[in-house]
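Numbers restart at 1 for each chain; the letters A, B, ... are given by sequence-line order, proteins then strands.
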Number of protein chains: 2
Amino acid sequence: MAKYLNEFDATMQMIQGKWKIMIMYELAEVETSRFGALQRHIQDVSHKTLANQLHELEDDNLISRHDFKTAEPHVEYRLTETGKSLIPILDAICDWGDTHIDHNLMDRSLCDE
Amino acid sequence: MAKYLNEFDATMQMIQGKWKIMIMYELAEVETSRFGALQRHIQDVSHKTLANQLHELEDDNLISRHDFKTAEPHVEYRLTETGKSLIPILDAICDWGDTHIDHNLMDRSLCDE
DNA sequence: CAGTATCCTATGGGATACTG
DNA sequence: CAGTATCCCATAGGATACTG
């Protein structure tokens, strides 16, 4: 067992990143979105960090970037098939936390807003 | 959807940490182990970091610590039930990586040893 | 609008020495 | 053996300004 530790690390690299799951869930919901729209929906993410995480997600083939090269810049992002296949894993992580973490004691994360 | 982001973050906090999954897999395999044994099995982990991650896993109730308070110091660690319940999630993360990441291009993790 | 570049800080983790 | 304490460095991410 435990033969897939490299795969674990590689997968963790992909989903680590303060805003990545929010980006992916947003794209899972709206199908396609733009830089500005993402920044508006994902409150508190800094400009630079959003750009970084979009880059990493794209490099990891979890999202795709479509540049419409018009006069007025227009770029769209959406999930790839690989990205979609990761959603159930993210859901599983959320669900585990929901059932195993005491909501009153969830002090190591920003619990409520 | 995406209502469990706090739970996601909290769970990620728990499984992030360079050696945590190795500690948990080791304990899943041998049931019970000691500080020195863990350090011998988990090559390359530093003394301080192993101590830190054991602490965090214990604080998160994923492992338990049993101090036998004998003359010769003797402490044992093992998975809690909560810790055991996390193993399938870790397996799912490994499996996803195994099926979705190109092994030849797994350059963002230390692929082979 | 969709970025890139620069500067700054907080945190994780390694090396090492010390303690009971 | 099972830790704790100190020092150091690399990286993630925020704030902000600049570019096409």
Asker: Sequence neighbours left out, what passes ring-ring contact (aromatic ring centres under 6.0 Å, His included) with B:His41? Give chain and number order.
Answerer: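 Once residues adjacent in sequence are excluded, B:His41 has no partner under the ring-ring contact (aromatic ring centres under 6.0 Å, His included) criterion.
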
Asker: Whole-Å distance between C:dC1 P and A:Glu76 CD?
Answerer: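 Rounded to the whole Å, the gap is 14 Å.
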
Asker: Would you mind reporting whether A:Leu50 and A:Ile23 have side-chain heavy atoms less than 4.5 Å apart?
Answerer: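 Yes, close enough: below the 4.5 Å cut-off.
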
Asker: Among residues 61-74 of chain B, which contact DNA chain D at a heavy-atom distance under 4.0 Å?
Answerer: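 Going residue by residue through residues 61-74 of chain B, the ones with a heavy atom under 4.0 Å of DNA chain D turn out to be B:Arg65, B:Glu72, B:Pro73.
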
Asker: Restricting to side-chain contact (heavy atoms from CB on, under 4.5 Å), what partner residues turn up for A:Met22, sequence neighbours left out?
Answerer: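 So A:Met22 forms a side-chain contact (heavy atoms from CB on, under 4.5 Å) with A:Trp19, A:Ile42, B:Leu5.
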
Asker: Taking side chain to side chain donor-acceptor pair (under 3.5 Å) as the test, write out the residues that go with A:Lys48, two or more places apart.
Answerer: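 So A:Lys48 forms no side chain to side chain donor-acceptor pair (under 3.5 Å) with any residue.
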
Asker: Report all interatomic pairs (protein N or O, nucleotide N or O of nucleotides 10-14 of chain C) with separations under 3.5 Å.
Answerer:
from, atom 1, to, atom 2, distance (Å)
C:dG13, OP1, B:Lys18, N, 2.7
C:dG13, OP2, B:Gln53, NE2, 3.0
C:dG13, N7, B:Lys48, NZ, 3.0
C:dG14, OP1, B:Lys18, NZ, 3.3
C:dG14, OP1, B:Trp19, NE1, 3.3
C:dG14, OP2, B:Ser46, OG, 3.4
C:dG14, OP2, B:Thr49, OG1, 2.7
C:dG14, O6, B:Lys48, NZ, 2.5

Asker: Take atom CZ of B:Arg40 and atom C1' of D:dA2, then tell me their distance rounded to the nearest Å.
Answerer: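 Computing the B:Arg40:CZ to D:dA2:C1' distance gives 12 Å.
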
Asker: With heavy-atom distances below 4.5 Å as the criterion, would you say the side chains of B:Leu79 and B:Leu86 are in contact?
Answerer: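 No, too far: nothing below the 4.5 Å cut-off.
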
Asker: With a cut-off of 3.5 Å and sequence neighbours excluded, list every side-chain donor-acceptor pair involving residues 33-40 of chain B.
Answerer:
from, atom 1, to, atom 2, distance (Å)
B:Arg34, NH2, B:Pro73, O, 3.2

Asker: For B:His74, which residues count as a ring-ring contact (aromatic ring centres under 6.0 Å, His included) partner, sequence neighbours excluded?
Answerer: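 For B:His74 the ring-ring contact (aromatic ring centres under 6.0 Å, His included) partners, ignoring immediate neighbours, are B:Phe68.
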
Asker: Has A:Tyr77 got a side-chain N or O lying under 4.0 Å from the OP1 or OP2 atom of C:dG3?
Answerer: yes

Asker: Side chain to side chain contact (heavy atoms under 4.5 Å, CB included) between A:Thr32 and A:Leu27: does it pass, once the steps are laid out?
Answerer: CA-CA 6 Å; A:Thr32 175; A:Leu27 291 180; 5.9 Å; no

Asker: Considering only heavy atoms and no angle criterion, is a donor-acceptor pair shorter than 3.5 Å present between the side chain of A:His47 and the base of D:dG14?
Answerer: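 Under the 3.5 Å cut-off, the side chain and the base do not form any donor-acceptor pair.
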
Asker: Taking Watson-Crick (N1-N3 plus N6-O4 or O6-N4) and G-U wobble (N1-O2, O6-N3), each under 3.5 Å, can you produce the dot-bracket string of DNA chain D? Use [ ] for crossing pairs and | for inter-strand ones.
Answerer: ||||||||||||||||||||

Asker: Is a side-chain donor or acceptor of B:Asp67 paired with a backbone partner of B:Lys69 at a separation under 3.5 angstrom?
Answerer: yes

Asker: Among all residues two or more places apart in sequence or in another chain, which pass the side-chain contact (heavy atoms from CB on, under 4.5 Å) test with B:Asp98?
Answerer: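 Applying side-chain contact (heavy atoms from CB on, under 4.5 Å) to B:Asp98 gives A:Tyr4, A:Glu7, B:His103.
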
Asker: In whole Å, I'd like the distance from the CD1 atom of A:Ile23 to the P atom of D:dG13.
Answerer: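 After rounding, the gap between these two atoms is 10 Å.
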
Asker: Not counting sequence neighbours, which residues clear side chain to side chain donor-acceptor pair (under 3.5 Å) with A:Ser46? List them please.
Answerer: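 With sequence neighbours excluded, A:Ser46 shows a side chain to side chain donor-acceptor pair (under 3.5 Å) to A:Thr49, given in chain and number order.
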
Asker: Using heavy atoms and a sub-4.0 Å distance, could you list which residues of residues 32-39 of chain A are near DNA chain C? By number, please.
Answerer: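 Close to the strand are A:Arg34, A:Phe35, A:Gly36.
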
Asker: Could you list the residues that satisfy salt bridge (charged side-chain N to carboxylate O under 4.0 Å, His left out) with A:Glu76, not counting sequence neighbours?
Answerer: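 For A:Glu76 the salt bridge (charged side-chain N to carboxylate O under 4.0 Å, His left out) partners, ignoring immediate neighbours, are A:Arg78.
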
